[in-house]
**Student:** 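Pasting a structure below so you can have a look.
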Amino acid sequence: MNLIKVNSFLPVHAQMSDAIEVLLNRSVAEIVGSDVVNGLPRANVIEKEDAFQIDLAVPGFERSDFKVDVDKDLLTVKVEKDDGRTDEAKRLSWKRREFSYTSFTREFKLDKQMNREGIMAHYENGILSLQIPKEIKEATRAIEVL
Amino acid sequence: MQFIAARPKHVKSFQMQKNRKPQVENNPTPVNILEFDDYFDLEMALPGFKKEELNVEIKEGDQLTISGKPEQVTMDGTIRRREFKITSFERHFPLGKTIDSSNLEARFDNGILQVRLVKREEAKKVSPRTIEVF
């Protein structure tokens, strides 16, 4: 997050044009942080010897809420859920709201070394953990010379 | 390996944002507080924590303190991308006079800690009653 300094000795319009310049020269994502713009759950990716592990921080869901699909090179994690608070919220009084657990879709591109068949998903303590095994390279074959 | 994560098209790669601190560092423990007639529910998003790593207590009579200390886990592998961290934290919430601090309930489900703070009798909202006129 960038703060725009206000110089109280400059006329207001000069300050404004500075601020606008700052905004125009940067993308929204750069100012706010791209993941914040999208409101997507955060992911950590760990490469292990025989697999890749993607951990998604997605608290507040049930195991059955997740839909994990693989289509060609795209791994999609999807939740379609309303946190049930939209109707309830009318009766309730929010004193503070810093997070919500509602629908999202996050995609990951798989590359050649990833085995699409053996992907496993596990949800515990608010972390969805995806294991993507690496493709086992075929041992080099010696070709006999006749 | 390449990951695409629905980032805006004008951002060429994640490398460009290498120096940018993720928002998670600004607020690693986001909180929701809802008020009901008889109680408040405080929810804290703590993905990756285990129940036994969390501590909820009342300090100095009227200060709710929530803290967590994750167990150190050694991970074999190389981190390719890191958008969140599970780290120790401590947060304080002054309860004020409306809450009965002797009556506290906490539960942890799917990465969400919920603390129910019951209001004192005198602070409870009384629903309107019709008084019969004799």
**Student:** So which atom in B:Pro47 and which in A:Val58 form the shortest heavy-atom distance, rounded to 0.1 Å?
**Tutor:**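 Closest pair (atom of B:Pro47, atom of A:Val58, distance): CB-N, 4.5 Å.
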
**Student:** Sort A:Glu62 into side chain, backbone, both or neither according to what part of it lies under 4.5 angstrom from a heavy atom of chain B.
**Tutor:** both

**Student:** Report the option among B:Asp109, B:Asp76, B:Ile86 that has the most heavy-atom pairs separated by less than 4.5 Å from atoms of chain A.
**Tutor:**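 Most heavy-atom pairs within the cutoff with chain A belong to B:Asp76.
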
**Student:** Could you look at B:Leu42 and say if it's the side chain, the backbone, both or neither that has a heavy atom under 4.5 Å from chain A?
**Tutor:**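 When you check distances to chain A, no heavy atom of B:Leu42 falls under 4.5 Å.
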
**Student:** Any non-hydrogen side-chain atom of A:Phe108 less than 4.5 Å from a side-chain atom of B:Arg81?
**Tutor:** no

**Student:** Taking all non-hydrogen atoms of both residues, which atom of A:Glu98 and which atom of B:Val31 are closest, and how far apart?
**Tutor:** OE1-N, 2.6 Å

**Student:** Report the distance from atom CD1 of B:Ile79 to atom CG of A:Asn44, rounding to the nearest 0.5 Å.
**Tutor:**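 So the CD1 of B:Ile79 and the CG of A:Asn44 are separated by 7.0 Å.
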
**Student:** Keeping the roles fixed (side chain from B:Asn110, backbone from A:Phe61), state whether a donor-acceptor pair exists under 3.5 Å.
**Tutor:** yes

**Student:** To the closest 0.5 Å, what do you measure between CZ (B:Phe40) and CZ (A:Arg96)?
**Tutor:**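 Between B:Phe40 CZ and A:Arg96 CZ, I get 12.0 Å after rounding to 0.5 Å.
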
**Student:** Tell me which of these, A:Arg63, A:Lys112, A:Lys48, has more heavy-atom pairs under 4.5 Å with chain B than the rest.
**Tutor:**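 Top option by heavy-atom pairs under 4.5 Å: A:Lys48.
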
**Student:** How long is the straight-line distance from CD of B:Glu83 back to CG of A:Leu40, given to the nearest 0.5 Å?
**Tutor:** 8.5 Å

**Student:** Are B:Asn32 and A:Phe99 close enough that some pair of their side-chain heavy atoms sits under 4.5 Å apart?
**Tutor:**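 A side-chain contact under 4.5 Å exists here.
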
**Student:** Could you check if a side-chain atom of B:Phe84 sits within less than 4.5 angstrom of a side-chain atom of A:Ile127, using non-hydrogen atoms only?
**Tutor:**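 A side-chain contact under 4.5 Å exists here.
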
**Student:** For A:Lys78, does the NZ atom sit with more than 12 other heavy atoms under 6.0 Å from it, leaving out its own atoms?
**Tutor:**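 Open.
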
**Student:** Judged by atom type as modelled, is there a donor-acceptor pair below 3.5 Å linking the side chain of A:Asn125 to the main-chain atoms of B:Phe49?
**Tutor:** yes

**Student:** I need the B:Arg82 CZ to A:Arg42 CZ distance, nearest 0.5 Å.
**Tutor:**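 CZ of A:Arg42 is found 13.0 Å from CZ of B:Arg82.
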
**Student:** Out of curiosity, does A:Met120 fall in the hydrophobic cluster containing A:Val77 (side-chain heavy atoms, cut-off under 4.5 Å, transitive links)?
**Tutor:**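 No.
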
**Student:** Are more than 12 heavy atoms, taken from residues, nucleotides or ligands other than B:Glu105, located less than 6.0 Å from that residue's CD atom?
**Tutor:** no

**Student:** For atom CD of A:Glu80, decide whether the heavy atoms of other residues, nucleotides or ligands shown that lie under 6.0 angstrom number more than 12.
**Tutor:** no

